[in-house]
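Everything on this sheet refers to the single structure shown next.
Values in this document were obtained by computation on a predicted structure and should not be read as measured data. The sequence lines fix the lettering, A, B, ..., with proteins before strands; numbering per chain opens at 1.
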Protein chains: 2
Amino acid sequence: MKLFVKITPKQQRVLDFIREKVNKDNLPPTIREIAAACGFSSTGTVRDYLDALAKKGYLKRGNNKSRAIELLQGNPQKLRLIGAIPAGTPNEAHEDPSDYLDLKQLFSRESARGEVFALKVKGDSMVNAGIMDGDIAVIRKQPSGQSGEIVAALLEDNEVTLKRLKHLKQGAYFLEAANENYPPIEKEFTVIGVLISIIRKY
Amino acid sequence: MKLFVKITPKQQRVLDFIREKVNKDNLPPTIREIAAACGFSSTGTVRDYLDALAKKGYLKRGNNKSRAIELLQGNPQKLRLIGAIPAGTPNEAHEDPSDYLDLKQLFSRESARGEVFALKVKGDSMVNAGIMDGDIAVIRKQPSGQSGEIVAALLEDNEVTLKRLKHLKQGAYFLEAANENYPPIEKEFTVIGVLISIIRKY
DNA sequence: TTGACATCCACACAAATGTGTGGTATATAT
DNA sequence: ATATATACCACACATTTGTGTGGATGTCAA
């Protein structure tokens with residue numbers, strides 16, 4: 001899949017119409033609606049445009065489904081997800097669903113059950129785990145965690161903290177920071193959930 | 001059109017399925033897709049449900065148009081966002097709208113200003129900036145960046161890398177890793193965008 | 001000159017799709 | 001009693017819709 005493929009003015013016009021329809025009606029147009037709007041007399045022409053735009057990564061098409069046009073750029077819900085560019089042939093258009101990051105689906109399963117909340121991280125006690133001051137930690141609510149998992153825990157003073165949970169042989173637990181300047185917490189604490197995601201905004 | 005009309009459990013089930021489809025695929029379902037999902041053997045049954053839900057103001061229907069179902073009572077996908085010093089346990093409900101993280105709006109502003117894409121981070125060259133192997137970097141496409149900003153850059157060998165951009169006095173630039181094991185990159189490179197967010201899933 | 005790409009067309013066809021008609025049954029309110 | 005709403009079904013039908021096939025022309029790089 002090529003990265004930044006230029007789009008021709010005519011392709012831009014087709015794309016603009018689709019975007020306009022989606023924004024206005026919340027419903028992508030059919031092939032014939034595009035043809036009528038852009039002045040094409042053949043459905044095949046529109047199909048060629050859609051295939052070209054899909055190949056360039058501007059939209060995604062469904063198979064044999066009406067109106068199955070999904071915009072990928074200028075649409076914050078779904079982002080193109082690229083890995084390291086393989087040196088050689090970077091121009092295949094493969095329909096790998098893992099090529100896209102769907103923001104709506106990021107936590108859809110968990111949040112549908114209503115057991116997810118977000119926690120703003122304060123301090124640098126987890127910097128060595130890549131968790132920085134100001135990060136947003138997404139937590140799935142649950143009363144315990146496995147050893148090594150990063151959990152949100154409620155301390156005695158009603159403060160919520162993010163630490164790595166460690167099990168001891170005797171069934172005891174403690175909380176370990178990912179920063180040598182912070183001592184482990186062995187006092188009483190309650191696990192309120194496990195970390196499932198970190199979101200940071202710059 | 002009446003609002004706040006009660007709907008029956010079965011109507012709720014149909015509505016939930018539509019909402020799920022719209023959130024997941026950005027495409028409303030067809031009548032027959034609803035029938036299959038909700039266990040109806042007749043398309044007429046679904047039409048009756050859609051008419052009932054439309055009459056109650058929960059959705060709007062188009063005429064003779066496929067998938068023309070427009071939800072009128074949306075569900076913003078929001079997460080409770082609590083700070084590090086909560087006034088109580090996160091189980092308590094305090095309904096401040098600023099206490100919610102709206103996933104749909106996470107990158108709406110940035111994507112309005114330009115194209116946004118996601119890049120899967122490879123390697124540990126930015127660990128000291130809290131960016132780890134496997135993280136998803138959200139990049140706003142732009143051809144340059146300010147000194148100190150973390151940018152995605154295209155190297156000579158067509159590899160995309162994430163580094164901190166540094167300006168020199170003479171108008172020259174170089175890329176600096178956030179890991180002392182990696183030397184700065186002063187060879188030819190092209191900035192393709194600036195980092196606006198990091199997303200990590202556990 | 002070959003190939004890839006862009007830019008169009010016409011027409012056919014199967015499948016998908018919304019709608020229409022005519023039922024059955026239960027419950028509830030007027 | 002009558003009307004209204006809910007909750008289904010089967011089947012037919014006309015359209016809508018995406019796709020397939022087979023062209024055409026031109027540009028541009030290798």
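The residue A:Ser41 sits close only to the backbone: its heavy atoms come under 4.0 Å of sugar-phosphate atoms, none of a base.
The pair B:Arg61-B:Asp51 meets the salt-bridge criterion, since a charged nitrogen lies less than 4.0 angstrom from a carboxylate oxygen.
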What pairs of nitrogen or oxygen atoms, one from the protein and one from nucleotides 21-25 of chain C, lie under 3.5 Å apart?
none

Kindly give the atom pairs (protein nitrogen or oxygen, nucleotide nitrogen or oxygen) under 3.5 Å for nucleotides 13-17 of chain C.
| from | atom 1 | to | atom 2 | distance (Å) |
| --- | --- | --- | --- | --- |
| C:dT17 | OP1 | A:Ser66 | OG | 3.3 |
| C:dT17 | OP1 | B:Arg67 | NH2 | 2.9 |

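Annotation: salt bridge (Lys or Arg N to Asp or Glu O under 4.0 Å) contacts of B:Lys21 (sequence neighbours excluded): B:Asp25. Applying the salt bridge (Lys or Arg N to Asp or Glu O under 4.0 Å) test to B:Asp16 and every residue at least two apart in sequence or in another chain returns nothing. Take B:Asp48 and apply the side-chain hydrogen bond (donor to acceptor under 3.5 Å, both in side chains) test, not counting sequence neighbours, and it matches no residue. Remark: A:Asn181 pairs with A:Asn179 by the side-chain hydrogen bond (donor to acceptor under 3.5 Å, both in side chains) rule, at least two apart or across chains. In this structure B:Glu188 satisfies the side-chain hydrogen bond (donor to acceptor under 3.5 Å, both in side chains) test with no other residue, sequence neighbours excluded. Looking at residues two or more places apart in sequence or on another chain, you find no salt bridge (Lys or Arg N to Asp or Glu O under 4.0 Å) involving A:Arg47.
Phosphate proximity of C:dT7 to A:Gln11: present, with a side-chain N or O under 4.0 Å from OP1 or OP2.
Sequence neighbours left out, the pairs with a member in residues 173-202 of chain B that pass ring pair (Phe, Tyr, Trp, His ring centres under 6.0 Å) are B:His167-B:Tyr173. For residues 36-56 of chain B, the set of pairs meeting the ring pair (Phe, Tyr, Trp, His ring centres under 6.0 Å) definition, not counting sequence neighbours, comprises B:Phe40-B:Tyr49.
Remark: P of C:dT19 and CD1 of B:Ile34 are 11 Å apart, rounded to the nearest angstrom. The distance from atom CG of A:Leu53 to atom P of C:dC5 is 14 Å, rounded to the nearest whole Å. Here C:dG18 presents its P atom at 9 Å from CG of B:Leu50, a figure rounded to the nearest Å.
When DNA chain D is scanned 5' to 3' for any atom under 4.0 Å from a heavy atom of chain A, the first and last hits are D:dT17 to D:dT21.
B:Ala129 and B:Ala178 get closest at one heavy-atom pair: N-CB, 3.7 Å.
Annotation: the terminal axes of the helix from C:dT1-D:dA30 to C:dT30-D:dA1 meet at 30°, where each axis is the rotation carrying the C1' atoms of four end pairs onto the next four (5 pairs per end, rounded to 10°).
Each of A:Ala52 and B:Thr43 was matched to the nucleotide of DNA chain C holding its nearest heavy atom; the match closer to the 5' end belongs to A:Ala52.
Within 3.5 Å, no donor on the side chain of A:Thr8 pairs with an acceptor on the base of C:dA6, nor the reverse.
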